[in-house]
Amino acid sequence: MMWLPQAWSSICLLLACAIGTRAAVEADTSMKSIPLRTHSLAPPYLDSDMSSRWFDFGGDTIIRTDQYIRLASDVPSQSGWLFSRIPLTATNWEVEFEFSIQGKGHLHGDGFALWITKERGQPGPVFGHADRFEGLGIFFDTYKNNRPGVVFPYVMAMMGDGQTTYDSANDGKANEIGGCSARGLRGASIPTKAKLTYFQDKSLSLQLQYKSTDSWIDCFSLEPNANMPLKLPNTAYLGFSAHTGELTDNFDVISVETRNLYNPVAANTGRNSAAANRASARGRPDKKTGGWGWFFFKLILFGGLVGGGYVGYNKYKQKQRYTGF
């Protein structure tokens, strides 16, 4: 019976591996994403008829199909914009985009912005977009006007209510809900990227990549409170804009990847609850699917079958040896 401890050791090892595998799978499925083609951009940007199916652009924007969408050039008094044609309707989403800020001069400005706003394609004084906007603006400000002790370029977020004016005299200090200094963002030696992540009524965060490839720097992470609800308009468009004054730069958008975020575990829970409610309404209980108890039962049953098979095989071998067959 020396085989018995070995058999049970194998069964225990199998059990541990199965538990670890299931836990790893559940952890890996905690958050999934679906690409949103309607709010993403990549070269050549334009369709065969030299227009974009999902985006409009205007002002001084220039599109070079093999390289970039230039919102504003290294020329004084430039202003351009790029906006999605349909609203961003996802509840939870992530916008990751590659951009470039380059110029010839040692002095440079003014900056560019990412928008999630009710307004769409409305030129104005706030980095090329209309003031008193309703929604979210992320400002990449490259010229310092009046913010003592702050290193520029500076990246900040503002939640507009449709009535509040951007504090241009103080580089948005009165409007800022989150931000960070980003020395090296302009003229970086690697592809510069930003990743904006939003969970409805729960959180808003921004990460930047400009120091080394595949290394993200946390710029800010916000949660709602009484003074900052983090609520976006029901109808909001994704856009970009840029502006130059006497000081200039090239402000380029290279690519945009927008993703719808969802939790499959929560989605399945919702579907199971709906199925249970329907079954209850029909007067019969809903079938249970899965669960750790059922999983362990099946695993133990499998182990018993393996052990029984092993015992039978050994008895068969012993009988062969004794009978000579």
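Keep in mind that what you see is a predicted model, and the values were worked out from it rather than measured.
- Annotation: side chain to side chain donor-acceptor pair (under 3.5 Å) contacts involving residues 81-92, sequence neighbours excluded, comprise Asp56-Arg85.
- Within the structure, the ring-ring contact (aromatic ring centres under 6.0 Å, His included) test picks out the following pairs touching residues 225-256 (sequence neighbours left out): Phe97-Phe240.
- No continuous path of ILVMFWY side-chain contacts below 4.5 Å connects Val95 to Met156, so the two sit in separate hydrophobic clusters.
- Under the 4.5 Å side-chain heavy-atom criterion for Ile, Leu, Val, Met, Phe, Trp and Tyr, Val253 and Tyr210 are members of the same hydrophobic cluster.
- Legend: residues meeting side-chain contact (heavy atoms from CB on, under 4.5 Å) with Lys211, ordered by chain and number and at least two apart, are Ile217.
- How far CG of Leu136 is from CG of Leu114: 7.0 Å, rounded to the nearest 0.5 Å.
- Between Asn146 and Pro148 the shortest side-chain heavy-atom distance falls below 4.5 Å.
- For Ser73 (side chain) and Val75 (main-chain N/O), no donor-acceptor pair under 3.5 Å exists by modelled atom type.
- With rounding to the nearest 0.5 angstrom, the CG atom of Leu206 is 9.5 Å from the CG atom of Leu222.
- A pairwise comparison of heavy atoms in Asp131 and Pro125 identifies N-CD, 4.1 Å as the closest pair.
- In plain terms, the two heavy atoms of Ser79 and Gly128 that are nearest each other are OG-CA, 3.5 Å.
- Between the side chain of Asn170 and the backbone N or O of Lys173 there is no donor-acceptor pair closer than 3.5 Å.
- In terms of modelled atom types and a separation under 3.5 Å, the side chain of Thr164 and the main chain of Asp161 share no donor-acceptor contact.
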Inset, instruction - Check the pair Thr165, Val126 against side chain to side chain contact (heavy atoms under 4.5 Å, CB included), reporting the backbone distance first and the verdict last. - result: CA-CA 9 Å; Thr165 300; Val126 184; over 6 Å; no
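- Sorted by first and then second residue, the disulfide bond (SG atoms under 2.5 Å apart) pairs involving residues 70-140 (not counting sequence neighbours) form an empty list.
- Between the CD atom of Glu98 and the NZ atom of Lys193 there is a distance of 5.5 Å, given to the nearest 0.5 Å.
- Contact of the Phe112 side chain with the Phe99 side chain is registered, since non-hydrogen atoms from C-beta on lie closer than 4.5 Å.
- Remark: the backbone N or O of Ser221 is not paired with any side-chain donor or acceptor of Ser205 at under 3.5 angstrom.
- The list of disulfide bond (SG atoms under 2.5 Å apart) pairs with a residue in residues 169-238, not counting sequence neighbours, reads Cys180-Cys219.
- Ion pairing between Arg70 and Asp252 holds under the 4.0 Å rule for side-chain N and carboxylate O.
- Side chain of Asn175 to main chain of Asp167: a donor-acceptor pair is present (N/O by atom type, distance under 3.5 Å, no hydrogens or angles).
- Two residues are said to be in side-chain contact when any heavy atoms from C-beta on lie closer than 4.5 Å; Arg147 and Phe152 meet this criterion.
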Inset, instruction - Run the numbers on Leu232 and Met159 for side chain to side chain contact (heavy atoms under 4.5 Å, CB included), then give the verdict. - result: CA-CA 8 Å; Leu232 294 175; Met159 193 68 76; 3.9 Å; yes
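- Here the side chains of Asp110 and Asp141 are not in contact, with every heavy-atom distance at 4.5 Å or above.
- Taking the six-membered ring for Trp and the full ring otherwise, Phe83 and Phe57 have centroids separated by 6.0 Å or more.
- Between Leu230 and Phe199 there is no side-chain heavy-atom pair separated by less than 4.5 Å.
- None of Met158, Lys118, Gln122 except one satisfies the side chain to side chain contact (heavy atoms under 4.5 Å, CB included) rule with Phe133; the exception is Met158.
- Counting heavy atoms from C-beta outward, Lys195 and Thr197 have side chains that approach closer than 4.5 Å.
- Linking Ile, Leu, Val, Met, Phe, Trp and Tyr residues whenever their side-chain heavy atoms come within less than 4.5 Å leaves Phe140 and Tyr166 in two separate clusters.
- One distance of note links CG of Leu71 with CD of Gln78; it measures 10.5 Å at 0.5 Å rounding.
- Pairing each heavy atom of Ile138 with each of Ala157, the nearest pair is CD1-CB, 3.5 Å.
- Residues Arg186 and Thr142 bring no donor and acceptor atom of their side chains to less than 3.5 Å of each other.
- The salt bridge (Lys or Arg N to Asp or Glu O under 4.0 Å) contacts involving residues 212-237 comprise nothing, where partners must be two or more places apart or lie in separate chains.
- In terms of heavy atoms, Ala236 sits closest to Ile116 at CB-CG2, 3.8 Å.
- Using a distance-only test at 3.5 Å, with no hydrogens or angles considered, a donor-acceptor pair links the side chain of Asp171 to the main chain of Asn145.
- Residue Pro224 comes nearest to Ser203 through the heavy atom pair CD-N, 4.4 Å, listed as atom of the first residue, atom of the second, then distance.
- Between the side chains of Ser241 and Trp115, a donor-acceptor pair is found at a separation under 3.5 Å.
- Remark: side-chain polar atoms of Lys144 are paired, donor with acceptor, to backbone N or O of Val150 under 3.5 angstrom.
- Of the inter-residue distances, the one linking Glu257 atom CD with Ser33 atom OG reads 10.0 Å to the nearest 0.5 angstrom.
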Inset, instruction - Step by step, work out the side chain to side chain contact (heavy atoms under 4.5 Å, CB included) result for Trp93 and Leu88. - result: CA-CA 9 Å; Trp93 46 258; Leu88 180 58; 3.8 Å; yes
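- Across Ile86, Leu82, Ile63, a single residue satisfies side chain to side chain contact (heavy atoms under 4.5 Å, CB included) together with Phe55, and that is Leu82.
- Residue Asp49 qualifies as enclosed at atom CG: its count of foreign heavy atoms under 6.0 Å is above 12.
- Taking each heavy atom of Thr244 and Asp249 in turn, the nearest pair found is CG2-O, 3.8 Å.
- To the nearest 0.5 Å, atoms NE2 (His39) and CG (Leu36) are separated by 7.0 Å.
- In this structure, Thr192 and Ile101 have side chains that are not in contact, with every pair of non-hydrogen atoms separated by 4.5 Å or more.
- Using modelled atom types, no side-chain atom of Glu96 and backbone atom of Thr258 make a donor-acceptor pair closer than 3.5 Å.
- Side-chain contact between Ile69 and Tyr45 is present, with heavy atoms from C-beta onward closer than 4.5 Å.
- Neither Trp216 nor Val155 shares a network with the other; the hydrophobic side chains, linked directly or stepwise wherever heavy atoms of I, L, V, M, F, W or Y lie under 4.5 Å apart, form separate groups for each.
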Legend entry - Criterion side chain to side chain contact (heavy atoms under 4.5 Å, CB included) on Ile190 and Gln209, from CA distance to verdict: CA-CA 9 Å; Ile190 66 161; Gln209 174 189 286; 4.1 Å; yes
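- In the model, Asn250 has no side-chain atom that pairs as donor or acceptor with a side-chain atom of Asp74 under 3.5 Å.
- Note: the hydrophobic cluster containing Leu238 also contains Trp54 (ILVMFWY, side chain heavy atoms under 4.5 Å, direct or indirect links).
- If you check the side chains of Tyr154 and Glu176, you find a donor sitting under 3.5 Å from an acceptor.
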